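Could you have a look at this structure, given as structure tokens, before my questions?
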Protein chains: 2
Amino acid sequence: MTINKELMKGSTVILILTLLDRKPMYGYEMSKEMEKSSSGVLTLKEGTLYPILHTLESDGMVESYWSSGEGERKRKYYQITKKGQGLLKEKQREWISFRTAVDQVLGGGPA
Amino acid sequence: MTINKELMKGSTVILILTLLDRKPMYGYEMSKEMEKSSSGVLTLKEGTLYPILHTLESDGMVESYWSSGEGERKRKYYQITKKGQGLLKEKQREWISFRTAVDQVLGGGPA
DNA sequence: TGATTATACCTAGATATACGATGCATCCAC
DNA sequence: GTGGATGCATCGTATATCTAGGTATAATCA
């Protein structure tokens, strides 16, 4: 089951920051992890992911470095910064507020 | 408090249909009611609302009629159709699924 | 009476965002 | 050595929403 993509808008950033708040990850990994973490409901396409990562990096929300493990294939890891954690907290509050409001309207019942 | 507008995308249709599922309403009324129903968190701008209503109408999800009360100002009322109620049910399921998935990712904790 | 405000409808253009398509390179299994 | 999975990335397109504006009527108040 895949969600109407429009619903995803506005929530991708918080989802990405949440993944990175657990541990540094590389893009491809994040894409797979998102699907796993959400039981296959949410997908994070690469065409969506990379532009957002680059924006977050230029805004100082995440930092990146290339992996240097010997014999390993090169991977670009992203990790969240202090500033990014602040943004995450803010977005978490926003999500709760939004979710609550929608549920409130949906559950309002006949007037 | 106003929500990041991007979060709204994808959920406006379900919110509009929900309001109309309670009773027929006119545009301006819906705009005000949305704010009230969500405790001021969600706003439904007219520039957003009317195009959506027109689309829903041409898709047979809602029907409209002009009010004819004597001495009353003219208002265009919208009411939900059977087909619209079907769409609403579908979108409700979708919302639950989406909300659950996001909460699941956010609440995942450190890996 | 005249001016201001709230109500009530609507459209056009700008903007934002996600996705599909695509490209390139590396690594592993057969 | 070929194919498929991995891994990074960009570009064009589609679509939803907002800002800003336009029109008109009713109510309120000086």
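We use all heavy atoms of the structure for the numbers below, so side chains are in, but hydrogens, waters and symmetry mates are not. Remember, it's a predicted structure, so these values are computed and weren't measured experimentally. Reminder, nothing fancy here: chain letters follow the sequence lines and each chain counts from 1.
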| message | Nearest whole Å is fine: how far is D/dT15 C1' from A/L7 CG? | response | 14 Å
| Nearest-nucleotide pick for A/R75, side chain only, options being D/dG7, C/dC9, D/dC8 | D/dG7
| said: In the structure I gave you, are the side-chain heavy atoms of B/K76 and B/Y78 within less than 4.5 Å of one another anywhere? | reply: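 B/K76 reaches B/Y78 side chain to side chain.
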| request: Select one nucleotide: of D/dT15, C/dC9, D/dT6, the one nearest the side-chain heavy atoms of B/Y26. | output: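 Of the candidates, C/dC9 comes closest.
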| Within the structure shown, what part of the strands sits under 4.0 Å from A/K76 by heavy-atom distance: base, sugar-phosphate, or nothing? |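 Here A/K76 touches the backbone only, sparing every base.
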| request: Provide, to the nearest angstrom, the distance between the CD atom belonging to A/E35 and the C1' atom belonging to D/dT6. | output: 15 Å
| Choosing from C/dC9, C/dA16, C/dT7, which nucleotide comes nearest the side chain of B/R73? |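 Of C/dC9, C/dA16, C/dT7, C/dT7 is nearest to the side chain of B/R73.
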| task | Check the distance between D/dT6's P and A/E33's CD and give it to me in whole angstrom. | result | 14 Å
| Closest to the A/E6 side chain, choosing from D/dA16, C/dA8, D/dC8 | D/dA16
| said: Check this one for me: any side-chain N or O of A/H54 less than 4.0 Å away from OP1 or OP2 of D/dT10? | reply: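 For D/dT10, OP1 or OP2 has a side-chain N or O of A/H54 closer than 4.0 Å.
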| task | List the steps and the verdict of side chain to side chain contact (heavy atoms under 4.5 Å, CB included) for A/E33 and A/M30. | result | CA-CA 5 Å; A/E33 181 61 27; A/M30 298 179 66; 5.5 Å; no
| Judged by atom type as modelled, is there a donor-acceptor pair below 3.5 Å linking the side chain of B/S67 to the main-chain atoms of B/R75? | yes
| message | Rounded to whole Å, how long is the line connecting atom CG of B/L56 with atom P of D/dT15? | response | 16 Å
| said: Let me spell it out: for each of B/G27 and A/V13, pick the nucleotide of DNA chain C with the closest heavy atom. Which residue's pick is nearer the 5' end? | reply: B/G27
| message | Could you tell me how far apart A/M25 (CE) and D/dT6 (C1') are, to the nearest whole angstrom? | response | 15 Å
| remark: Taking for B/K32 and for B/G47 the nucleotide of DNA chain C with the nearest heavy atom, the one nearer the 5' end belongs to B/K32
| note | Quick note, B/T12 side chain, CB onward, closest among D/dT17, C/dA18, C/dA8 is D/dT17
| field | B/Y50 OH - C/dC10 P separation (whole Å) | value |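 Roughly 6 Å, once rounded to whole Å.
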| request: Search all heavy atoms of A/M34 against all heavy atoms of A/L44 and return the closest pair with its distance. | output: CE-CD2, 3.7 Å
| request: Among the candidates C/dA8, D/dT10, C/dA16, find the nucleotide nearest to the side-chain atoms of B/Y28. | output: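 The answer is C/dA8.
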| task | Provide, to the nearest angstrom, the distance between the CG atom belonging to A/L49 and the P atom belonging to C/dT17. | result | 15 Å
| note | Whole-Å distance, A/M8 CE to D/dT15 P, equals 18 Å
| query | Can you find a donor-acceptor pair, distance only, under 3.5 Å between A/E46 side chain and C/dC19 base? | reply | no
| message | Quick one, A/R99 with B/D103, criterion salt bridge (charged side-chain N to carboxylate O under 4.0 Å, His left out). Give me CA distance, side-chain angles, the key distance, then yes/no. | response | CA-CA 10 Å; A/R99 193 197 61 186; B/D103 281 339; 2.7 Å; yes
| Given C/dG20, is OP1 or OP2 found less than 4.0 Å from the side-chain N or O atoms of A/K45? | yes
| query | With a 4.0 Å cut-off on heavy atoms, is A/Y77 in touch with a base, just the backbone sugar-phosphate, or nothing at all? | reply | nothing
| Toward the 5' end of DNA chain D, by each residue's nearest nucleotide, A/K74 or A/P51 |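 Going by which nucleotide is closer to the 5' end, it is A/K74.
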| said: Any heavy-atom pair between the side chains of B/E29 and B/K23 that's under 4.5 Å? | reply: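 The answer is yes, as the side chains (C-beta and beyond) meet within the 4.5 Å cut-off.
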